[in-house]
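Quick caveat, the model's predicted, so the values are computed rather than measured.
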Amino acid sequence: MNILILGGGGREHSLAWAVLQNPKCDRLIVAPGNAGIAAIADCATLDTEDGAAVATFVDEEAIDFVIVGPEAPLAAGVADRLRDAGVLVFGPSQAAAQLEASKAFTKQICDAAGAPTAAYGHFTDAAAAKAYVTAQGAPIVVKADGLAAGKGVIIAETVEAAHAAIDDMFGGAFGGAGAEVVIEEFMQGEEASFFVLCDGADVLPIGTAQDHKRVGEGDTGPNTGGMGAYSPAPVLTDAIAERALAEIIRPTMAEMAARGMPYQGVLYAGLMIENGAPRLVEYNVRFGDPECQVLMMRLGAQALDLMQAAAEGRLRDAQVNWADDHAITVVMAANGYPGSYEKGSVIKGLDTLPETSSQMVFHAGTSLRDGQITSSGGRVLNVTARGTTLAQAAAQAYGMIDGIDFADGFCRRDIGWRALGD
Ligand code: AMP
Ligand code: GLY
């Protein structure tokens with residue numbers, strides 16, 4: 001099987017790493033890829049949001065299966081274009097990708113499906129939005145409707161702060177994404193992520209994870225794309241996962257199918273758990289980054305079989321072979337991230353580290369310059385390990401970090417603290 005993965009971050013490096021372990025994979029191309037991916041697969045330059053360009057490339061390279069990593073190509077309809085051309089694709093249609101691309105759409109689906117989530121109002125003008133906030137009081141959550149690269153959510157502690165956020169959003173601070181605004185009840189509880197494969201009819205859970213969104217130790221400081229993650233998430237017990245499937249995910253899938261937009265791909269459900277009950281915070285229509293890295297480390301080669309089964313509508317007969325293991329990934333970021341940071345720092349020591357089925361450094365933002373690995377993004381490396389306990393996995397990952405010479409980088413030293421403290 002010739003496989004194309006779209007994307008070029010740590011998520012796609014881990015997908016490539018897992019796919020290559022499967023003997024079914026004859027050839028793997030990743031577009032655009034990065035320096036770490038280039039060490040294990042062919043990389044290609046391609047406009048991954050241009051469906052016609054991707055379809056032409058697939059034809060020229062005799063690709064049998066396309067795995068879409070990030071949300072942007074999905075929201076742009078790349079999966080539809082490929083399916084129209086008869087290509088097997090892992091990833092939802094443009095219509096189904098609204099579960100991530102529009103928060104108002106997701107709230108309407110939850111209403112119709114009876115899925116528990118925060119109470120909300122949906123507004124297209126600032127005056128009505130402000131009146132709603134005044135009536136509800138604070139804390140309250142103000143969200144730009146569209147894709148805003150993870151920045152379109154403001155948790156307002158006061159009514160005044162919420163009003164200011166509303167003015168910012170309608171004033172264009174998030175571009176077109178803020179033309180409509182969703183205002184939500186602030187939910188208490190502990191957050192965890194639940195990953196489920198969907199084939200339009202059936203669903204198959206493939207793991208739970210928790211990430212650390214804040215840049216600082218103890219979960220403090222500004223939000224980032226994620227500074228580390230671990231799987232499984234102990235807070236998401238089997239009983240809560242069953243409830244999330246029965247009350248949130250299956251009803252959502254049924255509603256999507258009833259609307260003529262069956263969902264196929266991975267559904268990433270962000271859940272808020274309070275007193276044993278899950279409520280939906282958000283859906284994403286792709287794997288989380290860096291959550292994917294810990295899921296791939298645990299699933300290994302079977303990830304390809306499972307994604308193929310989802311794409312071919314065969315999930316009813318698919319099953320995950322679980323090992324009783326734990327995985328962790330620690331992000332090494334460029335100094336200054338998530339604010340401004342330098343690119344082009346040389347990273348040394350990577351070639352001295354083991355690369356095994358339980359230890360791997362996935363590259364998130366690197367490029368090769370004069371034969372040296374250099375940083376080319378805010379999040380640069382995902383140092384990932386698996387063990388029989390989370391503590392063992394964490395000790396391995398931090399041991400690997402000690403072998404990496406990245407003078408202009410930093411990492412959090414407390415990834416996994418909630419679960420390790422148990
Ligand atoms: P989202 O992009 O919708 O996931 O929001 C980003 C983050 O904001 C989430 O991961 C939560 O930590 C937080 N958040 C979003 N909505 C709520 C809510 N209704 N109540 C509490 N926290 C929220
Ligand atoms: N790590 C959060 C995300 O991928 O959205």
Test item: R11 side-chain N/O and F287 main-chain N/O as donor-acceptor pair under 3.5 Å: yes

Salt-bridge contact K143-E184 (side-chain N to carboxylate O under 4.0 Å): yes

Donor-acceptor pair, side chain of E100 and main chain of E71, under 3.5 angstrom: no

Contact check, side chains of P232 and R298, non-hydrogen atoms, under 4.5 Å: yes

Reported CG-to-OG distance for the pair D211 and S231, which is rounded to 0.5 angstrom: 12.0 Å

Main-chain N/O of R413 paired to E217 side chain as donor or acceptor, under 3.5 Å: yes

Minimum heavy-atom distance between T48 and P73, given as atom pair plus value: O-CB, 3.3 Å

Between SG on residue C292 and CD1 on residue I206, distance to nearest 0.5 Å: 8.0 Å

Inter-residue atom distance W17.CH2 - M297.CE, 0.5 Å rounding: 3.5 Å

Test item: N22 side-chain N/O and L304 main-chain N/O as donor-acceptor pair under 3.5 Å: no

For L204 against A318, the heavy-atom pair lying closest together: CD1-O, 3.8 Å

Distance in Å, N34 CG paired with I37 CD1, rounded so as to fall on 0.5 Å steps: 4.0 Å

D370 (side chain) donor-acceptor with Q372 (main chain) under 3.5 angstrom: no

Inter-residue atom distance E282.CD - M272.CE, 0.5 Å rounding: 10.5 Å

R316 with D199: basic N within carboxylate O range, under 4.0 Å: no

Which atom of M169 lies closest to which atom of V142, heavy atoms considered: CE-O, 3.6 Å

Qualifying residue, where the test is side-chain hydrogen bond (donor to acceptor under 3.5 Å, both in side chains) with R279 and the options are E274, E247, E185: E185

Going by atom type alone, with no hydrogens or angles, which donor-acceptor pairs under 3.5 Å involve a side-chain atom of residues 252-263 and a protein atom two or more places apart or on another chain?
unit_1, atom_1, unit_2, atom_2, d
T252, OG1, I248, O, 2.6
T252, OG1, Y283, OH, 2.6
E255, OE2, R259, NE, 2.7
E255, OE2, R259, NH2, 3.3
Y263, OH, V266, O, 2.7
Y263, OH, V285, O, 3.4

Salt bridge D64-R27, side-chain N to carboxylate O under 4.0 Å: no

R379 (side chain) donor-acceptor with D289 (main chain) under 3.5 angstrom: yes

Any donor-acceptor N/O pair, R386 side chain to S357 backbone, under 3.5 Å: yes

Heavy atoms from other residues, nucleotides or ligands near CD of E355 exceed 12 (cutoff 6.0 Å): no

Note: R81-D59 ion pair, threshold 4.0 Å (strictly below): no

Atom pair CD/OG1 of Q396 and T356 - distance to nearest 0.5 Å: 7.0 Å

Heavy atoms from other residues, nucleotides or ligands near CG of D324 exceed 12 (cutoff 6.0 Å): no

Test item: T384 side-chain N/O and N382 main-chain N/O as donor-acceptor pair under 3.5 Å: yes

Crowding at CG, D402 (>12 non-hydrogen neighbours, <6.0 Å): yes

Expected output: side-chain T374 to main-chain S367 donor-acceptor under 3.5 Å: yes

Heavy atoms of other groups near K343 NZ, more than 12 under 6.0 Å: no

